[in-house]
Amino acid sequence: MSGKHLIESPTKADGAALWRIARDSHKLDLNSPYAYLLWCRDFAESSVVARVDGVPVGFVIAYRRPSDPAAALVWQVAVDASQRGKGLAGQLLDSLFARLTDDGVQYLETTITPDNEASIRLFASFAKRWNAALESSRLFAAEDFPDDESGHEPEDLYRIGPLLRN
């Protein structure tokens, strides 16, 4: 796959591919395949998929916060191993938020575990490109998660904005 990236809203037909990309990342909390299918159907307007030669190779899934519609929470960002190192994750975020800011979104929110340096760099870079402030605070402590064998790390909330089109 070496063609140009086409970035657009996902369709429910993309759900299985998004699940595979997330699974193969070995970094994301993997949701059920059903969740990705629903996400592509119900939150397509706040999500994007990148395709090369018609095949999904990356995605950002997000949603508008019901209690704060001026904020969109980025749930997951994933890029296929074949496309890493090409700046695709940043392109996906920029494309999505260019559209969302036209629809009234002023803030990007996401949660990141303290050890996920790649995600921290991705979102810090987004804030810099968009000339926006970045604030972080603890959202969920490790003990907020169920007692299971995974031992989930805390999740810090990153809030970037206000976002203004350049």
Side-chain angles (χ1 to χ4, degrees), residues 1-66 68-113 116-132 134 157-166:
M1 282 187 255
S2 58
K4 182 171 170 39
H5 296 121
L6 171 65
I7 298 175
E8 59 189 2
S9 293
T11 67
K12 69 180 182 180
D14 294 318
L18 271 54
W19 178 83
R20 282 191 290 277
I21 293 167
R23 178 199 63 198
D24 294 348
S25 77
H26 301 291
K27 185 65 178 167
L28 296 175
D29 287 341
L30 186 61
N31 299 294
S32 72
Y34 181 69
Y36 291 94
L37 289 166
L38 283 176
W39 204 286
C40 289
R41 185 193 76 162
D42 294 342
F43 297 106
E45 77 286 346
S46 59
S47 301
V48 288
V49 62
R51 302 177 200 285
V52 172
D53 301 327
V55 177
V57 295
F59 67 86
V60 173
I61 52 178
Y63 64 90
R64 303 269 304 255
R65 293 203 35 229
D68 183 4
L73 186 123
V74 172
W75 181 264
Q76 288 185 326
V77 177
V79 173
D80 185 78
S82 70
Q83 302 299 310
R84 292 190 191 134
K86 299 178 180 182
L88 181 55
Q91 292 172 36
L92 285 162
L93 284 172
D94 288 344
S95 176
L96 175 60
F97 278 86
R99 179 173 22 136
L100 291 176
T101 56
D102 284 346
D103 196 30
V105 169
Q106 298 174 18
Y107 293 91
L108 178 158
E109 293 185 347
T110 194
T111 65
I112 306 173
T113 57
N116 191 338
E117 294 175 15
S119 286
I120 293 168
R121 282 192 309 271
L122 172 66
F123 287 97
S125 176
F126 175 88
K128 186 175 182 179
R129 281 193 313 278
W130 282 72
N131 243 356
L134 183 153
L157 176 67
Y158 285 72
R159 183 171 168 97
I160 301 170
L163 300 173
L164 306 171
R165 290 292 300 268
N166 294 336

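Because only heavy atoms are used, hydrogens play no part in the values below, and waters and symmetry mates are left out as well, while side chains stay in.
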Distance col, row E117:CD vs I112:CD1, nearest 0.5 angstrom, shows 11.5 Å

Requested in this report: Answer whether the closest heavy-atom distance between the side chains of V49 and L18 falls below 4.5 Å.
Outcome: yes

Closest heavy-atom pair, P10 versus A44, reported as atoms and distance to 0.1 Å, is O-CB, 3.3 Å

Nearest heavy-atom contact between V105 and P69 is CG2-O, 4.0 Å

Query raised in the report: Would a 4.5 Å heavy-atom cut-off, applied to side chains only, mark W19 and L30 as touching?
Result: yes

Side chain to side chain contact (heavy atoms under 4.5 Å, CB included) filter on L73, not counting sequence neighbours, yields Y63, R65, W75, E109

In terms of heavy-atom contacts, L122 and A89 come closest through CD1-CB, 3.8 Å

Those residues at least two apart in sequence (or on a different chain) that pass ring pair (Phe, Tyr, Trp, His ring centres under 6.0 Å) with F126 are F97, W130

message: Keeping S25 on the side-chain end and A22 on the backbone end, is there a donor-acceptor pair under 3.5 Å?
response: yes

Between K27 and S119, does a side-chain contact (heavy atoms from CB on, under 4.5 Å) hold up when you go through it step by step?
CA-CA 10 Å; K27 185 65 178 167; S119 286; over 6 Å; no

- prompt: Just by distance, do the side chain of S46 and the backbone of A62 share a donor-acceptor pair under 3.5 Å?
  reply: yes

What one should report as the nearest heavy-atom pair of I120 and T113 is CD1-O, 4.3 Å

In terms of heavy-atom contacts, D80 and S82 come closest through OD2-OG, 2.6 Å

Q91 meets the side chain to side chain contact (heavy atoms under 4.5 Å, CB included) criterion, sequence neighbours left out, with H5, I7, L88

Interatomic distance, NZ@K12 vs CG@L38, rounded to 0.5 Å, equals 10.0 Å

- Can you list the steps and then say if E45 with D103 is a side-chain contact (heavy atoms from CB on, under 4.5 Å)? CA-CA 10 Å; E45 77 286 346; D103 196 30; over 6 Å; no

- Side-chain donor-acceptor contact under 3.5 Å, R121 with S125: no

Side chain to side chain donor-acceptor pair (under 3.5 Å) pairs touching residues 28-42, sequence neighbours excluded, are D29-H152, N31-Y36, Y36-Q76, W39-S47

For L108 and L163, the nearest pair of non-hydrogen atoms, with its separation, is N-CD1, 3.8 Å

Sequence neighbours excluded, the answer for side chain to side chain contact (heavy atoms under 4.5 Å, CB included) partners of I21 is P56, F59, A78

Quiz item: Would R99 and V48 satisfy side-chain contact (heavy atoms from CB on, under 4.5 Å), going step by step from the backbone distance to the final call?
Solution: CA-CA 10 Å; R99 179 173 22 136; V48 288; 2.9 Å; yes

Residues passing the side-chain hydrogen bond (donor to acceptor under 3.5 Å, both in side chains) test with T111, sequence neighbours excluded, are E155

Could you walk me through whether I61 and F43 pass the side-chain contact (heavy atoms from CB on, under 4.5 Å) check?
CA-CA 8 Å; I61 52 178; F43 297 106; over 6 Å; no

Taken to the nearest 0.5 Å, the spacing of F123 CZ from I160 CD1 works out to 6.5 Å

